[in-house]
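Source: prediction; values computed, not measured. Along the sequence shown, residues carry numbers from 1.
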Amino acid sequence: LGEAAASMLAVAVAYLMMSGWPSEASLGEGFFSGRLAALRALPRSPEFAPVLPILIVSPALHILIFNGLGLYGARSGETRPFAATGTLFKGSLLALGGLALLTLGYGPPLQKALQVPHLFLFFNTGLTFLGVLLVHSGLLIGVLALRALGVGRQRLAVVYGGDAPAEVLEAFHSPLIEYDFAGLILAPGAAPPDDDPAPACLGSLDDLPALINCHRLDALVLAVDPEALSAPQRLETARTCWQMGVDLKMIVPFQPYFRTDTEPEMVGDLALFRV
């Protein structure tokens with residue numbers, strides 16, 4: 001919704017840049033108030049009527065293209081506010097081409113209202129790109145700030161078998177991700193890691209229901225060799241998580257053993273698959 005509003009605002013500002021801002025919006029005390037008044041009055045202006053279809057089509061076209069490029073895919077582990085800049089730039093150029101084709105078919109009314117339609121489209125594309133980038137990145141910065149304060153984070157434990165790569169555990173220690181790392185649950189026969197400082201060991205996988213309740217776990221990640229758990233143990237772990245409302249996730253080696261979503265969830269550089 002924020003990005004749709006930014007795209008609509010871009011159309012209005014681009015039109016006023018082409019046709020000229022009203023005199024009350026000139027530099028001075030009424031600079032901002034005059035511009036806001038001009039934007040509020042614009043949709044009711046007869047001169048703006050031929051541009052109204054673009055005011056509706058442009059946001060819809062941009063959002064459809066951004067969605068097709070994967071901008072709105074689940075990236076709960078994303079911690080780089082401006083990582084989507086390339087996707088937004090590519091989508092803005094594609095939308096520019098789409099709007100150009102639409103304006104060619106729209107004919108004389110738009111030519112008369114804009115006089116230089118291609119220049120209007122360039123203004124609109126640049127403003128939309130900047131507006132959507134600010135909305136998209138600004139919201140992510142706000143989410144990251146809330147996560148750093150501990151708001152909206154899920155309690156997560158890692159099932160550890162003694163051979164998980166160090167980066168698997170490191171990925172969950174960032175204060176910016178959506179997960180609050182509670183500690184390790186040891187697979188049968190596994191010994192706690194000897195790291196300094198060592199992560200907390202919550203208990204054994206055999207006591208999973210009690211550990212979920214005791215530590216208020218929201219998610220569980222399987223980071224063990226798939227062969228370290230027997231088929232009944234894998235089934236019981238999945239059944240327990242399902243019955244207790246816990247998200248069960250796994251790192252790549254477990255993929256052949258469970259049915260999963262095809263789209264991985266990225267936590268830093270770590271790919272997780274939801275069972």
Checklist entry - Say you draw a straight line from NE2 of His62 to CG of Leu94; how long is it, rounded to the nearest 0.5 Å? => result 9.5 Å
Next on the checklist: One thing to verify: whether Arg155 and Asp180 come together as a salt bridge, which I'm taking to mean a side-chain N less than 4.0 angstrom from a carboxylate O.
Outcome noted: yes
Checklist entry - Is Leu121 reachable from Met8 through a run of hydrophobic residues whose side-chain heavy atoms are each under 4.5 Å from the next? => result yes
Item to check | Distance, nearest 0.5 Å, that separates CG of Leu186 from CG of Asp206 | outcome: 10.5 Å
Checklist entry - Does Leu139 share a hydrophobic cluster with Leu71, counting links as ILVMFWY side-chain heavy atoms below 4.5 Å and allowing steps through other members? => result no
Checklist entry - side-chain contact (heavy atoms from CB on, under 4.5 Å) between Tyr15 and Asn124: does it pass, once the steps are laid out? => result CA-CA 8 Å; Tyr15 174 81; Asn124 176 55; over 6 Å; no
Next on the checklist: Could you see if Phe66 belongs to whatever hydrophobic cluster contains Ile56? Use Ile, Leu, Val, Met, Phe, Trp, Tyr and a side-chain cutoff under 4.5 Å.
Outcome noted: no
Next on the checklist: Applying a strict under-4.5 Å side-chain criterion to I, L, V, M, F, W and Y, I'd like to know whether Leu64 and Val132 cluster together.
Outcome noted: no
Item to check | Worked check of side chain to side chain donor-acceptor pair (under 3.5 Å) between His136 and Glu3 | outcome: CA-CA 7 Å; His136 193 83; Glu3 292 172 14; 2.9 Å; yes
Checklist entry - How long is the gap from CG on Leu220 to CG on Leu156, to the nearest 0.5 Å? => result 7.5 Å
Checklist entry - Distance from Leu134 atom CG to Phe82 atom CZ, nearest 0.5 Å? => result 7.0 Å
Checklist entry - Within a reach of under 6.0 Å around CG of Leu149, are more than 12 heavy atoms found that belong to other residues, nucleotides or ligands? => result yes
Checklist outcome for this item: All heavy atoms of Ala200 vs all of Ala182, minimum pair found to be CB-O, 4.1 Å
Checklist entry - Measuring from Leu96:CG to Ser58:OG, what's the distance to the nearest 0.5 Å? => result 10.0 Å
Checklist entry - Hey, mind stepping through Leu205 and Leu208 against side-chain contact (heavy atoms from CB on, under 4.5 Å) and telling me if it holds? => result CA-CA 5 Å; Leu205 187 62; Leu208 183 58; 4.2 Å; yes
Checklist entry - Which heavy atom of Leu211 sits nearest a heavy atom of Ser204, and at what distance? => result CD1-O, 3.3 Å
Next on the checklist: Looking at Ser137 and Pro81, would you say the former's side chain and the latter's main chain have a donor-acceptor pair under 3.5 Å?
Outcome noted: yes
Checklist entry - Between Ala187 and Leu229, what is the shortest heavy-atom contact and its length? => result CB-CD2, 4.3 Å
Checklist entry - With the 4.5 Å side-chain cut-off for hydrophobic clustering, are Phe123 and Leu52 part of the same group? => result yes
Item to check | Atom of Val135, atom of Ala6 and distance for their closest heavy-atom approach | outcome: CG2-CB, 4.1 Å
Next on the checklist: Quick check: closest heavy atoms across Phe181 and Val158, and the distance to 0.1 Å?
Outcome noted: CE1-CG2, 3.6 Å
Item to check | Straight-line distance of Asp218 CG to Ile212 CD1, nearest 0.5 Å | outcome: 10.0 Å
Checklist entry - Please walk me through it: do Phe120 and Ile54 pass side-chain contact (heavy atoms from CB on, under 4.5 Å)? => result CA-CA 11 Å; Phe120 164 80; Ile54 297 181; 4.0 Å; yes
Would you tabulate the side-chain donor-acceptor contacts of residues 237-246 under 3.5 Å, counting partners in other chains and residues two or more places apart, or write 'none'?
| from | atom 1 | to | atom 2 | distance (Å) |
| --- | --- | --- | --- | --- |
| Thr237 | OG1 | Gln233 | O | 2.8 |
| Arg239 | NH1 | Glu236 | OE1 | 3.1 |
| Thr240 | OG1 | Glu236 | O | 2.8 |
| Thr240 | OG1 | Glu236 | OE2 | 3.4 |

Next on the checklist: Holding to salt bridge (Lys or Arg N to Asp or Glu O under 4.0 Å), I want the full list of residues that pass it with Arg153, two or more places apart in sequence or in another chain.
Outcome noted: none
Item to check | Heavy-atom closest contact (Ser92 atom, Phe129 atom, distance) | outcome: OG-CB, 3.6 Å
